[in-house]
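Structure first, commentary second.
Chain letters run A, B, ... following the sequence lines, proteins first and then strands; every chain starts at 1. As a basis for the values below, the full set of heavy atoms in this structure was taken, side chains included, without hydrogen atoms, waters or symmetry mates.
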Amino acid sequence: MRVATWNINSVRLRLDLIERLVHAKHPDILCFQETKVIDDSFPRNAFAAMGYPHQHFNGMKSYNGVAILSRLPFKATGVERWQGRDDCRHVHVTLEDNREIHCLYVPAGGDIPDPVANPKFAHKLGFLDEITAWWRTRNKDGAPRILVGDMNIAPLENDVWSHKQLLDVVSHTPIEVEKITAMLQAGNWIDVARHFVPPEEKLYSWWSYRSTDWNAANKGRRLDHIWVTPPLAEQLQNFEIIREARGWLPKPSDHVPVLVDLK
DNA sequence: ATGGTAGCGTAGCTA
C-alpha cells in the first residue's frame with residue numbers, strides 16, 4: 001500500500017500536477033493539505049476519474065483544507081477540530097484492515113517566533129500542545145495508525161539547509177522543535193523519513209517560492225512528515241521524497257509529495 | 001535588515 005502526502009496549495013489549480021504524480025507513482029492513497037476549497041466545490045469527479053472513488057475531505061474558503069482520496073474503501077471517517085476553531089486542519093479514515101490514516105495541517109505560525117507579539121505563533125504552540133495530549137491518550141490503544149501532513153516544523157539540524165541561520169526562523173525554533181518532539185514521543189510515533197534516512201543526511205520537502213532558483217540555492221526545509229505507530233514498523237518497505245516535483249511546470253507547489261510503502 | 005513569490009478573490013490575508 002502506497003500512501004502519498006502533499007501540501008498542494010490549491011487542489012483545483014494543480015489537478016494536472018496531481019495527475020502527473022498519479023501516473024508516475026500510482027499511490028493507493030493521496031493526502032492533501034491546503035486544498036483551499038469548500039466541500040461543495042471539491043473536484044470529486046476528477047479524483048474518481050483518476051481512480052480514487054473513496055473520498056473524505058474538509059475544506060473552507062481560501063485557507064487550509066485537508067483531503068484523503070483513496071482506491072481502498074473506508075469503514076469509518078472523522079474530522080477533528082483544534083483550539084476551538086473550525087480551521088479544517090485534520091481529517092482521518094479507517095481502512096477495512098483497521099489501519100487508520102490521519103491527514104494533518106499544522107498552523108504555519110506567522111513570521112515572528114514570539115507567542116506574545118504574534119497570536120499566530122501562540123496558536124501554533126497551543127495547537128501542538130492540544131494534539132500532543134490527544135495522541136498521548138489515543139495511541140495507548142495500540143492501533144495501526146499512519147499520520148501524514150504538513151507539520152510546518154523541521155525538527156532536526158539536517159531537516160533545514162542551515163541549522164544556525166534558522167534558529168530564530170519560525171519552523172525551526174527550539175520551542176517548536178521541543179513541541180513536535182513531544183508530540184512524536186507522546187504518541188510513540190516512528191518518524192518514517194528518519195527510519196530510512198540517517199540524521200546526518202539532509203532531507204527537505206519544501207523550498208520557498210521567494211527564491212530565484214530553488215534548485216541551485218537548495219535552501220529547503222523538511223516540513224512534511226509521515227509517522228506510523230509501532231505495529232506498522234515491520235510493514236515499512238520504502239520512503240521517498242519526490243524532489244523533482246518542485247520543478248513541475250507550469251505552476252509547482254512550494255511543497256513536494258512524500259510517500260511511504262507499507263506491506 | 002530587507003524583500004523576495006504565490007493563491008484566493010478581487011483587498012488584504014495567509015503562507
Side-chain angles (χ1 to χ4, degrees), chain A residues 5-21 31-43 46 57-67 81-90 103-115 117-128 148-155 159-162 164-173 175-176 179-180 204-225 243 245-258:
Chain A
T5 180
W6 196 0
N7 180 320
I8 197 66
N9 187 17
S10 174
V11 71
R12 289 178 293 180
L13 191 67
R14 273 179 259 283
L15 279 171
D16 52 342
L17 295 189
I18 291 166
E19 211 150 9
R20 189 164 169 179
L21 173 71
C31 298
F32 296 116
Q33 304 83 39
E34 285 206 84
T35 54
K36 296 188 173 179
V37 62
I38 59 170
D39 293 347
D40 284 349
S41 303
F42 193 91
F57 41 79
N58 182 226
M60 59 195 282
K61 194 168 149 180
S62 288
Y63 306 116
N64 311 329
V66 283
R81 56 198 299 280
W82 301 106
Q83 297 291 284
R85 301 195 195 188
D86 292 308
D87 260 0
C88 306
R89 295 182 181 275
H90 187 174
C103 179
L104 182 66
Y105 178 49
V106 173
D111 287 332
I112 304 162
D114 174 357
N118 174 12
K120 287 192 287 228
F121 195 69
H123 175 234
K124 182 179 197 174
L125 300 183
F127 184 104
L128 292 164
V148 309
D150 178 3
M151 313 261 189
N152 266 312
I153 298 172
D159 291 339
V160 294
W161 63 276
S162 169
K164 275 191 176 177
Q165 285 180 256
L166 289 174
L167 273 172
D168 292 322
V169 175
V170 171
S171 73
H172 193 62
T173 64
I175 181 72
E176 290 170 276
K179 291 201 183 289
I180 198 174
Y204 313 138
S205 67
W206 173 89
W207 294 259
S208 174
Y209 281 127
R210 303 176 191 179
S211 155
T212 46
D213 190 344
W214 71 273
N215 191 30
N218 199 26
K219 293 183 173 180
R221 306 178 202 170
R222 184 170 72 104
L223 304 180
D224 302 277
H225 299 263
R243 186 184 191 274
R246 184 61 180 79
W248 285 355
L249 299 176
K251 285 176 166 288
S253 171
D254 46 354
H255 296 253
V256 300
V258 178

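- Side-chain atoms of A/Asn7 come within 3.5 Å of backbone N or O of A/Asn9 as a donor-acceptor pair.
- Among the candidates A/Leu166, A/Leu223, A/Asp159, the single residue satisfying the side chain to side chain contact (heavy atoms under 4.5 Å, CB included) test with A/Ser171 is A/Leu223.
- Rounding to whole angstrom units, CG of residue A/Asn215 and C1' of B/dT5 are separated by 17 Å.
- When the P atom is compared between B/dA15 and B/dA1, the two are found 24 Å apart, to the nearest whole Å.
- The CD atom of A/Glu34 sits 14 Å away from the C1' atom of B/dT5 (whole-angstrom rounding).
- Ring planes of A/Trp82 and A/His90: parallel class, angle under 30° (limits at 30 and 60°).
- Distance from the side chain of A/Asn152 is smallest for B/dA15 among the nucleotides B/dG7, B/dA15, B/dG9.
- When side chains are defined from C-beta on, A/Asn118 does not count as touching A/Pro113, because their heavy atoms never get closer than 4.5 Å.
- Within the structure, a side-chain polar atom (N or O) of A/Arg14 is placed less than 4.0 Å from OP1 or OP2 of B/dG7.
- The nearest whole Å value for the distance from the CZ atom in A/Phe121 to the P atom in B/dT14 is 16 Å.
- Distances were taken from every side-chain heavy atom of A/Ser62 (C-beta onward) to each of B/dG7, B/dA15, B/dG9; the shortest belongs to B/dG9.
- B/dC13 and B/dG9: their C1' atoms are spaced 11 Å apart (whole Å).
- In this structure, the NZ atom of A/Lys124 is 15 Å from the P atom of B/dT14, given to the nearest Å.
- Both A/Lys36 and A/Gly109 sit near DNA chain B, but only A/Lys36 has its closest nucleotide nearer the 5' end.
- Between the CZ atom of A/Arg12 and the P atom of B/dG7 there is a distance of 13 Å, rounded to whole Å.
- Residue A/Asp111 contributes atom CG, which lies 17 Å from atom P of B/dA6 at whole-angstrom precision.
- Taking only side-chain atoms of A/Tyr63, from C-beta outward, the nucleotide of B/dA15, B/dC13, B/dC8 with the closest atom is B/dC13.
- In this structure, A/Lys61 does not reach the B/dG9 phosphate: none of its side-chain N or O atoms is under 4.0 Å from OP1 or OP2.
- Going from the P atom of B/dT2 to that of B/dA6 covers 23 Å, rounded to whole Å.
- The OH atom of A/Tyr209 sits 8 Å away from the P atom of B/dA6 (whole-angstrom rounding).
- Distance alone, capped at 3.5 Å, places no donor-acceptor pair between the A/His123 side chain and the A/Gln83 backbone.
- Applying the 4.0 Å criterion to OP1 and OP2 of B/dC8, one finds that A/Ser10 has a side-chain N or O inside that range.
- Place A/Asn64 and A/Pro252 on DNA chain B by their nearest nucleotides, and A/Pro252 ends up nearer the 5' end.
- Under the 30°/60° scheme for interplanar angles, the aromatic rings of A/His255 and A/Trp206 are found to be tilted.
- Taking only side-chain nitrogens and oxygens, A/Lys251 comes nearer than 4.0 Å to OP1 or OP2 of B/dG7.
- Straight-line distance between the C1' atoms of B/dG7 and B/dA11: roughly 14 Å, to the nearest whole Å.
- The listed nucleotides are B/dC8, B/dA15, B/dC13; the one nearest the side chain of A/Arg210 is B/dA15.
- Between the NE2 atom of A/His172 and the C1' atom of B/dA15 there is a distance of 19 Å, given to the nearest Å.
- In this structure, A/Arg246 reaches neither bases nor backbone, as no heavy-atom distance under 4.0 Å exists between it and the strands shown.
- For the P atoms, the distance from B/dC8 to B/dG4 is 22 Å, rounded to whole Å.
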